Protein chains: 2
Amino acid sequence: MRKRYDQYCPVAHALTLVGERWALLVVLELMRGPKRYTDLVERLPGIGTNILASRLRDLEAAGILARRLLPPPAASRVYELTDYGRELKPVIRELALWGARSLGPPGAADELFPGWLANAIDTVLAPLAPPGRFEFHVGDEVASLVDGEVLSGPVEEPDVVVEGDPDGVYHMFVDQRLDLVDVTGDRRLLETLVQAAPSPVELPVPAA
Amino acid sequence: MRKRYDQYCPVAHALTLVGERWALLVVLELMRGPKRYTDLVERLPGIGTNILASRLRDLEAAGILARRLLPPPAASRVYELTDYGRELKPVIRELALWGARSLGPPGAADELFPGWLANAIDTVLAPLAPPGRFEFHVGDEVASLVDGEVLSGPVEEPDVVVEGDPDGVYHMFVDQRLDLVDVTGDRRLLETLVQAAPSPVELPVPAA
DNA sequence: CCGCATCCCCAAAGATACTG
DNA sequence: CAGTATCTTTGGGGATGCGG
């Protein structure tokens, strides 16, 4: 918010609102519901507490989120998106679809924090998913995809259940390999979903 | 590119590639064709020359753009998007649609540089435009919209021609007022276009 | 000229400690 | 729990220089 671009351009304006470091990731976290300050801190590994406070101030001033006090006795302060903030979803979705194509398998430096699976499915798969009831178990995360809608946790009467580690699931979607995961149920339906996923990009230079 | 987020998340990954300041605006400029270094400098008011060089390096390393030498005798170096870079268009489009809703009328601090009109029409209007041949004259800029495709300059046999200053055109799209611009031709068609434009957002705090 | 590299200055980012 | 205060480090902005 502070740093402007001196151009009369809708893109430049959007970037002054949500273009600063961490800003869109804060919005992404709030997409799955209101959160407290400390919830955000632990779900955004590496963010400084002062940075988070600053971003929350800026995003509130921009009308993207609002702070609210939960009714007593809980009485803790939470941050939640406004309507305008929620409308960033298509932006985040396109970013995720684009980024997924050059995202490699999970590395050691990457943290997998609670909710990552549901988040990834929601942003990358949900918009292209065929109708059906999918259930995924990856490590200790469980998330489901029901007719294009994402749910945390299992679903009743799934058509197909996939079980594996992060690497196996990665290769399932990227290389269309189903041999590194355990599949129970409608294998055909899973293949349809896998084929709908965005195809990876061949990077010219492996970013030495 | 340099600064990572330590999360295994497609959005975080996308933001490490194009989330730095100026990066997406560089991509936006290259969307309308290859450009030389100095072209970019003058179309990105306020960018430092070292920053631009750094962004170009990072974006090249990420496989988003490539540098190429024009054939002699021109023999100057140009930067152009790769396929993967061009696929950022949906991201930019969604950002523009979202940003346009809270972008006010042009202010004194905003620079209007050559091509702004075509850029704005392309990102904001083109994806929602009804079929038809529109021609816009704003200040000394002329751009057209033909069946959802943008052209710099006039078009043959336009259905409707709009003439006005930036402020008038702004209120045409935001307030659906057609009395601040000159309209020649099919006024009905123009009204259809205006109604397709994204509606503005009521900001809670005017960002004092 | 064009395409940067260098230098200087200042404003953010990051890490840690601490307080209402 | 939800931040502010403080300190250090890094990167951005602007000017200038310089080789091709």
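The shown structure was predicted, so the numbers you read here are calculated from the model rather than taken from an experiment.
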Asker: Does D:dG3 have OP1 or OP2 under 4.0 Å away from a side-chain N or O of A:Arg57?
Answerer: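 Answer no for this pair, as no side-chain N or O of A:Arg57 is under 4.0 Å from OP1 or OP2.
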Asker: Taking CG from A:Leu56 and P from D:dG3, how many angstroms apart are they, rounded to a whole number?
Answerer: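 That distance rounds to 7 Å.
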Asker: Quick one: is A:Arg55 getting a side-chain N or O under 4.0 Å of the C:dA13 phosphate, OP1 or OP2?
Answerer: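 Yes.
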Asker: Between the base of D:dG3 and the side chain of A:Asn50, is one N or O donor paired with an acceptor at under 3.5 angstrom?
Answerer: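 Answer is no: no donor-acceptor pair is held.
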Asker: So among A:Leu117, A:Val150, A:Leu151, which one has a side-chain contact (heavy atoms from CB on, under 4.5 Å) with A:Asp122?
Answerer: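 Of all the options given, the one that passes is A:Val150.
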Asker: Given C:dG20, is OP1 or OP2 found less than 4.0 Å from the side-chain N or O atoms of A:Arg77?
Answerer: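 Looking at the OP1 and OP2 atoms of C:dG20, neither is under 4.0 Å from any side-chain N or O of A:Arg77.
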Asker: Grab the CG-P distance between A:Asp6 and D:dG12 for me, whole Å please.
Answerer: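 That distance rounds to 17 Å.
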Asker: Salt bridge (charged side-chain N to carboxylate O under 4.0 Å, His left out) for A:Glu29 and A:Lys35? Distances and angles first, verdict last.
Answerer: CA-CA 8 Å; A:Glu29 288 306 323; A:Lys35 300 249 181 324; 5.4 Å; no
Asker: Whole Å only: how far is the OH atom of A:Tyr79 from the P atom of D:dC1?
Answerer: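 Going from OH in A:Tyr79 over to P in D:dC1 covers 14 Å.
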Asker: How close or far is atom P of C:dA13 from atom CG of A:Leu25, stated in whole angstroms?
Answerer: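 Roughly 14 Å, once rounded to whole Å.
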Asker: Could B:Arg177 and B:Asp179 be called an ion pair, given the rule that one side-chain N must be under 4.0 Å from one carboxylate O?
Answerer: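 Salt bridge between B:Arg177 and B:Asp179, a charged N being under 4.0 Å from a carboxylate O: yes.
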Asker: To the nearest Å, give me how far apart CG (A:Leu52) and C1' (D:dA5) are.
Answerer: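 Distance, rounded to whole Å: 16 Å.
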Asker: For B:Arg21 and for A:Ala53, find the nucleotide of DNA chain D with the closest heavy atom, then tell me which residue's nucleotide is more 5'.
Answerer: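 Result of the comparison: A:Ala53.
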Asker: Got a salt bridge between B:Arg67 and B:Glu60, using NZ or NE/NH1/NH2 to carboxylate O under 4.0 Å?
Answerer: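 Yes, this pair counts.
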Asker: Expressed in angstrom and rounded to an integer, what is the separation of B:Glu20 atom CD from C:dA12 atom P?
Answerer: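 Value for this atom pair: 17 Å.
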Asker: Using a 4.0 Å cut-off on heavy atoms, which residues in residues 28-43 of chain B reach DNA chain C? List them by number, or say none.
Answerer: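 Nucleic-acid contacts, sorted: B:Arg36, B:Tyr37, B:Thr38.
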Asker: Do the rings of B:Phe173 and B:Phe136 sit parallel, tilted or perpendicular, given the 30° and 60° boundaries?
Answerer: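 Taking B:Phe136 first and then B:Phe173, their aromatic rings sit tilted (interplane angle of 30° to 60°).
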Asker: In which ranges does DNA chain D form stems of 3 or more consecutive Watson-Crick or G-U pairs, distances under 3.5 Å?
Answerer: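 The stems are C:1-19 with D:2-20.
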Asker: What closest approach, in Å, do A:Leu81 and A:Arg86 show between heavy atoms, and which atom pair accounts for it?
Answerer: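 Looks like O-NH1, 3.3 Å.
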Asker: Pick the nucleotide of DNA chain C nearest each of A:Gly48 and B:Val78; which residue has the one closer to the 5' end?
Answerer: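 With A:Gly48 and B:Val78 compared, the 5'-side residue is B:Val78.
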Asker: Write down the distance between CH2 (B:Trp22) and P (C:dA12), rounded to a whole number of angstrom.
Answerer: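 B:Trp22 atom CH2 is separated from C:dA12 atom P by 14 Å.
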Asker: Take the protein atom CD1 of A:Ile51 and the nucleotide atom C1' of D:dG3, then report the distance between them rounded to whole Å.
Answerer: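 Whole-Å distance recorded here is 13 Å.
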Asker: Applying side chain to side chain donor-acceptor pair (under 3.5 Å) as the test, list every pair that has at least one member in residues 144-157 of chain B; sequence neighbours left out.
Answerer: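 Sorted pair list comes back empty.
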Asker: Would you confirm whether B:Tyr5, through its side chain, and A:Trp22, through its main-chain N or O, come within 3.5 Å as a donor-acceptor pair?
Answerer: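 Pair found, side chain donor or acceptor close to backbone of A:Trp22.
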Asker: For A:Arg21 and B:Glu20, run side chain to side chain contact (heavy atoms under 4.5 Å, CB included): C-alpha distance rounded to whole Å, both residues' side-chain angles, the deciding distance at 0.1 Å, then the answer.
Answerer: CA-CA 7 Å; A:Arg21 191 164 162 76; B:Glu20 279 176 310; over 6 Å; no
